[in-house]
Trainee: 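I'd like to ask some things about the structure below.
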There are 2 protein chains.
Amino acid sequence: MTIKEVCSKFGISPDTLRYYERVGVIPEVHRTPGGIRDYTEEDIGWVETAACFRSAGMPIDLLAAYVRLYKEGDSTIPERCELLREARARILAERQKCDDALAKMDAKIKVYEKAVQTGKLVWDDDQGCCSCGRTKKE
Amino acid sequence: MTIKEVCSKFGISPDTLRYYERVGVIPEVHRTPGGIRDYTEEDIGWVETAACFRSAGMPIDLLAAYVRLYKEGDSTIPERCELLREARARILAERQKCDDALAKMDAKIKVYEKAVQTGKLVWDDDQGCCSCGRTKKE
DNA sequence: ATACAATCTGGAGTTAGCTCCAAGTCAAGA
DNA sequence: TCTTGACTTGGAGCTAACTCCAGATTGTAT
């Protein structure tokens with residue numbers, strides 16, 4: 001598979017894909033005799049994983065660390081397992097932040113939806129006041 | 001409340017707080033006669049909201065746009081409402097990416113936990129192969 | 001064989017979001 | 001009053017993650 005095809009498959013630019021390879025977020029990609037990248041199923045698997053984790057906010061160097069360990073062989077399995085667990089905790093924390101923001105957002109939107117009708121914002125005691133997020137109770 | 005107190009309350013650096021004010025992520029903060037920032041309850045509410053949304057990945061300029069509209073008064077309520085809805089969609093998408101990554105991650109960790117026992121990675125057909133994320137079925 | 005598009009490399013440039021710094025001002029304790 | 005430490009500003013510097021570019025090479029259609 002050409003770089004262009006992989007790009008459109010995952011919505012990544014060619015430059016980004018080459019960058020990922022250069023910094024070790026994915027291992028070296030298979031090449032044609034002429035030196036053009038020709039992604040195998042396995043290469044694509046790495047790209048898919050990298051794209052998925054990156055879009056969840058996993059930093060480049062963490063992904064690269066995993067690939068480095070992978071290349072060292074089976075002796076690094078426990079280390080990789082630990083790394084994955086840490087990565088999981090990170091993403092879980094990310095999601096929690098999203099949930100917190102969504103809760104705040106939903107409360108705000110509720111008030112705004114009423115305000116769009118009346119022309120004036122009315123914050124009840126539980127939700128906060130003004131356009132800021134302050135809760136009156138604290 | 002001094003800038004230091006606000007910082008420790010939200011785990012933000014003073015530089016970041018001043019930066020937020022400068023770029024309009026929060027409105028101008030109340031000052032002492034000497035010119036020192038003295039955060040009111042309302043200022044703190046803005047900081048809280050900004051911190052919450054920022055940590056969920058909301059870009060600076062979107063938050064600043066909201067504050068700009070807020071300062072223009074009640075006539076911008078519908079616009080602000082729309083902006084909030086877009087912001088909500090963004091964060092929802094963020095969370096979806098986290099969920100996708102978590103699913104992939106959990107599958108990987110499962111395989112690795114077995115591997116830590118046996119010393120060898122064994123990927124079953126449903127999960128993918130190697131250390132990449134490729135699913136054998138596609 | 002030739003044109004033309006796609007890809008290659010190494011390196012420079014860009015963007016967002018802070019983070020640091022110097023030089024000056026303000027405020028509380030001895 | 002003096003010292004010490006927190007706070008101020010404007011502006012420069014930094015990091016992560018791309019993104020762009022020039023000039024060379026490869027692959028493909030006529």
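The chains referred to below are lettered A, B, ... by the order of the sequence lines, with proteins before strands, and numbering in each begins at 1.
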Trainee: Taking the minimum atom-to-atom distance to the side chain of Ile60(B), which one of dT7(C), dC7(D), dC18(C) wins?
Mentor: dC18(C)

Trainee: Measure from the side-chain heavy atoms of Tyr19(A) and tell me the nearest of dA17(D), dT7(C), dC7(D).
Mentor: dA17(D)

Trainee: Taking OP1 and OP2 of dA16(C), is either one under 4.0 Å from a side-chain nitrogen or oxygen of Arg54(B)?
Mentor: no

Trainee: Under 3.5 Å, sequence neighbours excluded: what are the donor-acceptor pairs made by side chains of residues 84-96 of chain A?
Mentor:
residue, atom, partner, partner atom, Å
Arg85(A), NH1, Glu113(B), OE2, 2.6
Arg88(A), NE, Asp106(B), OD1, 2.4
Arg88(A), NH2, Asp106(B), OD1, 3.3
Arg88(A), NH2, Asp106(B), OD2, 3.2
Arg95(A), NH1, Asp99(B), OD1, 2.7
Gln96(A), NE2, Asp100(A), OD1, 2.9

Trainee: Between Arg31(B) and Pro59(A), name the one whose nearest nucleotide on DNA chain D is closer to the 5' end.
Mentor: Arg31(B)

Trainee: Locate the shortest heavy-atom distance separating Ala56(B) from Cys98(A); write the atom from each residue and the value.
Mentor: CB-CA, 4.2 Å

Trainee: Does a side-chain N or O of Thr16(B) approach OP1 or OP2 of dG17(C) to a distance below 4.0 Å, or not?
Mentor: no

Trainee: Look at all strands and tell whether Pro14(A) reaches a base, only sugar-phosphate, or nothing, counting heavy atoms closer than 4.0 Å.
Mentor: nothing

Trainee: Using OP1 and OP2 only, check whether a side-chain N or O of Ser13(B) sits under 4.0 Å from dC18(C).
Mentor: no

Trainee: Rounded off to whole Å, could you give me the OH-to-C1' distance for the Tyr39(B) and dA6(D) pair?
Mentor: 14 Å

Trainee: Atom NE2 of His30(A) to atom P of dC8(C): distance rounded to whole Å?
Mentor: 13 Å

Trainee: Taking atom P of dT15(D) as reference, at what distance in whole Å does atom CG of Leu62(A) sit?
Mentor: 19 Å

Trainee: List the atom of Val47(A), the atom of Ile12(A), and the distance in Å for their closest heavy-atom pair.
Mentor: CG1-CD1, 4.3 Å

Trainee: In plain terms, say whether Glu28(A) and Lys71(A) are close enough for a salt bridge, that is, a side-chain N and a carboxylate O under 4.0 Å apart.
Mentor: yes

Trainee: Are Trp46(A) and Tyr70(A) close enough that their ring centers fall under 6.0 Å?
Mentor: yes

Trainee: To the nearest angstrom, how far is Met58(A) atom CE from dC18(D) atom P?
Mentor: 13 Å

Trainee: Rounded off to whole Å, could you give me the CG-to-P distance for the Asp38(B) and dC7(D) pair?
Mentor: 11 Å

Trainee: Between P on dG17(C) and CD1 on Ile12(B), what's the gap in Å once rounded to a whole number?
Mentor: 14 Å

Trainee: Check whether any side-chain heavy atom of Leu121(A) lies under 4.5 Å from a side-chain heavy atom of Ile77(B), and answer yes or no.
Mentor: yes

Trainee: Within the 4.0 Å limit for protein heavy atoms, which parts of nucleotides 20-30 of chain C are touched? Write it as a string from 5' to 3', B for base, S for sugar-phosphate only, - for none.
Mentor: B-----SS---

Trainee: Just the rounded figure in Å: distance from P of dT15(C) to CG of Asp61(B).
Mentor: 13 Å

Trainee: In this structure, how many angstroms lie between the P atom of dT9(C) and the CD atom of Glu21(A), rounded?
Mentor: 7 Å

Trainee: Quick one: is Tyr20(A) getting a side-chain N or O under 4.0 Å of the dA17(D) phosphate, OP1 or OP2?
Mentor: no

Trainee: Considering only residues two or more places apart or on different chains, which pairs with a residue in residues 51-67 of chain A satisfy side-chain hydrogen bond (donor to acceptor under 3.5 Å, both in side chains)?
Mentor: Tyr66(A)-Tyr112(B), Tyr66(A)-Ser131(B)

